[in-house]
Amino acid sequence: MTIMHDIRAIRENPAAFDAALARRGLSPMSDRVLSLDADRRARIVAAETAQADQNRASKEVGAAKARGDDAEFERLRALVAEKKADVTKLQAEASLLDGRLRDLLMEIPNLPLDSVPDGKDEADNVELRRWGSPRAFDFAPVEHFEIAGVKTGMDFETAAKLSGSRFVVLKGGVARIHRALAQFMLDLHVTRHDLQETWTPVLVLENMMVGTGQLPKFGEDSYLTREGYWLIPTSEVTLTNTVNGDLVDHATLPRRMVAHSQCFRSEAGSAGRDTTGMLRQHQFEKVEMVSITDADTGVAEHDRMTRCAEAVLEALELPYRTIVLCTGDMGFGARITHDLEVWLPGQDKYREISSVSYCGDFQARRMNARYRSEKTGKPEFVHTLNGSGLAVGRTLIAVLENGQQADGSVLLPAALHPYLGGATKLRADGGLA
RNA sequence: GGAGCAGUGGCCGAGCGGUCUAAGGCAGCGGUCUUGAAAACCGCCGGGCCAGAGAUGGUCCCGUGGGUUCGAAUCCCACCUGCUCCGCCA
């Protein structure tokens, strides 16, 4: 079976495993894991011993029959039947324990790297750096949906009629800026960062959601179709699972991909949070980066990917800060996460616009995705990383809020002008000029 | 939606109840030859789990799960995935 955590490492150093969990605010689990593991192994040994007996007797049966020794033939037949019953019983027990261990490990989050700061929640995150400085306004900046030029092009009422809450209809200049942003980001990553442009499905088989860690624990967060397809909450799911089940050629690593996709999230559990504006939607667009690396280069790749995301904000002249999430605030599959927070003058706050995570072999174990190590000649799990580069809707918000003018128009960053037919501003009436 | 076909080791592919300890090819690794390389030739060359300090041994794996059988890659059933044709359709 494929084990979701390195069971040998847990056996060797259960205290370290529990200590890592404790840093995430979880109670120790090594006792339960190891006792299940010990039982499981005992059954396996018993089952395999019985099976070896059965195989031996089974081989002799044919010989006895051939030489016409009926008494021996019957004796061996009975022996085989007896061993077979033992094997069946022991195997069933082993497989039950195996399943239990698997279920348990499946729901244990990834272990934080040593370099990740300890902490309980977002208050304990640590700022790594800031870029740019918030603009000084000579009027009171408003939130994106309050800007005059935005009001006509960001229609929540119509969206609510169509689809309910947490949806939006974009129109005119705002819609075009939204589209331009996605194109700009893709182009930047493809031409400057050497990521491979990729287009993927947004409906996936259940197993893929297990591979990247959305399932089994977080099924409530995503949409499931009648036919059994899941709607991806991010193209991290499709991009990462491109190597699901594969033994990839080491020469093809690292694989650096970028995709622009629709993302779907039920936002169960976030009722009441960010209900106005388009900060948190059931459907949104994101340009996502994924890297598949070997075990040696994953950590370095994480910094590279963070830089790729930062470059987008810098090109768009949006002030941001980069933070490293503390152990208590990190997502399920991550070993370390950098968040990029963009300055939103309307909220007078930095808000998350990108999350860049290094997952080590956590997802690879779930996917059984490996490469052949050049050093040992043995298959080893790949390492995976994912990061937003960036969330398009939130970038739209940032561009609008940071560029807003007293008259309700919005000045747009130069990098976007070529994508808007040369337009440099969103007029107060919602058109481009 | 209907009908048919298929899923074998890194890849391709044989195999149709008992030396399958899975042929053969490709790729890879080592060697012979060569100034070097290529070619040719020779050899090596799947993965998981369990035990063991190790050498090594055991066991499982031919999409997945059951079943038939003394014995299953091979027969039966269910499921998953893919392909082809038809229908519908951007």
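The chains referred to below are lettered A, B, ... by the order of the sequence lines, with proteins before strands, and numbering in each begins at 1. For the numbers below, each heavy atom of this structure counts, side chains included, while hydrogens, waters and symmetry mates do not. If you're wondering where the values come from, they're calculated on a predicted model, not measured in any experiment.
Comparing the same atom, C1', in B:U69 and in B:C76 gives a spacing of 12 Å after rounding to whole Å. On the C1' atoms, B:C80 is 14 Å away from B:G66, given to the nearest whole Å. Taking the C1' atom of each, B:G9 and B:G65 are spaced 22 Å apart, rounded to whole Å. Distance check on atom C1': B:C33 versus B:G17 gives 48 Å, rounded to whole Å. Of the C1' atoms belonging to B:U64 and B:G82, the separation is 15 Å, rounded to the nearest Å. Only the P atoms considered, B:C11 is 14 Å distant from B:G48, to the nearest whole Å. Taking atom C1' on both nucleotides, B:G46 is separated from B:C62 by 12 Å, rounded to a whole Å. When the C1' atom is used for both B:C12 and B:U68, the distance is 33 Å, rounded to whole Å.
At whole-Å resolution of the value, CZ in A:Arg41 and C1' in B:G48 are 15 Å apart. One can place NZ of A:Lys378 at 9 Å from C1' of B:G47, the figure rounded to the nearest angstrom. Spacing between atom CD of A:Glu380 and atom C1' of B:G10 amounts to 16 Å, rounded to whole angstrom units. Straight-line distance from the NE2 atom of A:His250 to the P atom of B:C29: 14 Å, rounded to whole Å. Rounded to an integer number of Å, the gap from A:Asp98 CG to B:U59 C1' is 14 Å. Note: CG (A:Asp39) to P (B:C49) measures 19 Å, nearest angstrom. If you take CG of A:Leu90 and C1' of B:C60, they are 15 Å apart, rounded to a whole angstrom. Distance CG (A:Asp249) to C1' (B:G9): 17 Å, rounded to an integer number of Å.
Residues A:Glu380 and A:Arg370 are not paired through a salt bridge, judged by the lack of any N-O separation under 4.0 Å between the basic side chain and the carboxylate. No salt bridge links A:Arg179 with A:Glu285; every basic N to acidic carboxylate O contact stays at or beyond 4.0 Å.
Ranking B:G10, B:A51, B:G58 by closeness to the A:Leu247 side chain, first place goes to B:G10. Out of B:G10, B:C49, B:U69, the shortest distance to the side chain of A:Lys84 is found at B:U69.
Base pairing annotation: B:A72 forms no Watson-Crick or G-U wobble pair, as no partner gives both donor-acceptor distances under 3.5 Å. The nucleotide B:G87 finds no pairing partner, because no Watson-Crick or G-U wobble arrangement with both distances shorter than 3.5 Å includes it. Checking B:G43 for Watson-Crick or G-U wobble geometry (two distances, each under 3.5 Å) identifies B:C29 as its partner. B:G24 is paired with B:C12 under the criterion used here, namely a Watson-Crick or G-U wobble arrangement in which both key atom distances are under 3.5 Å. B:U56 is paired with B:A51 under the criterion used here, namely a Watson-Crick or G-U wobble arrangement in which both key atom distances are under 3.5 Å. Of the nucleotides present, B:A6 is the one that pairs with B:U81 by Watson-Crick or G-U wobble criteria, both distances under 3.5 Å.
Side-chain nitrogen and oxygen atoms of A:Arg372 include none within less than 4.0 Å of the OP1 or OP2 phosphate oxygen of B:G9. A sub-4.0 Å separation between OP1 or OP2 of B:C49 and a side-chain N or O of A:Arg40 is absent. Here A:Gln51 does not reach the OP1 or OP2 of B:G58: none of its side-chain N or O atoms lies under 4.0 Å away. OP1 and OP2 of B:C70 both lie 4.0 Å or more from every side-chain N or O belonging to A:Lys83.
Ranked by how close their nearest RNA chain B nucleotide is to the 5' end, A:Ile44 and A:Thr88 are led by A:Ile44. Comparing A:Gln91 and A:Leu205 by the nucleotide of RNA chain B whose heavy atom lies nearest to each, the residue mapping closer to the 5' end is A:Gln91.
Every residue two or more places apart in sequence or in another chain that forms a ring-ring contact (aromatic ring centres under 6.0 Å, His included) with A:His193 is listed here: A:His189.
At least one donor-acceptor pair under 3.5 Å links the side chain of A:Arg23 to the backbone N or O of A:Val116.
A donor-acceptor contact closer than 3.5 angstrom links the side chains of A:His282 and A:Tyr223.
Within the nucleic acid shown, A:Arg370 comes within 4.0 Å of sugar-phosphate atoms alone, with no base atom in reach, counting heavy atoms only.
The salt bridge (Lys or Arg N to Asp or Glu O under 4.0 Å) analysis of residues 6-22 of chain A, with sequence neighbours excluded, yields the pairs A:Asp6-A:Arg365, A:Arg11-A:Asp37.
Remark: of the listed residues A:His383, A:Glu301, A:Arg255, A:Glu301 is the sole one forming a side chain to side chain donor-acceptor pair (under 3.5 Å) with A:Ser291.
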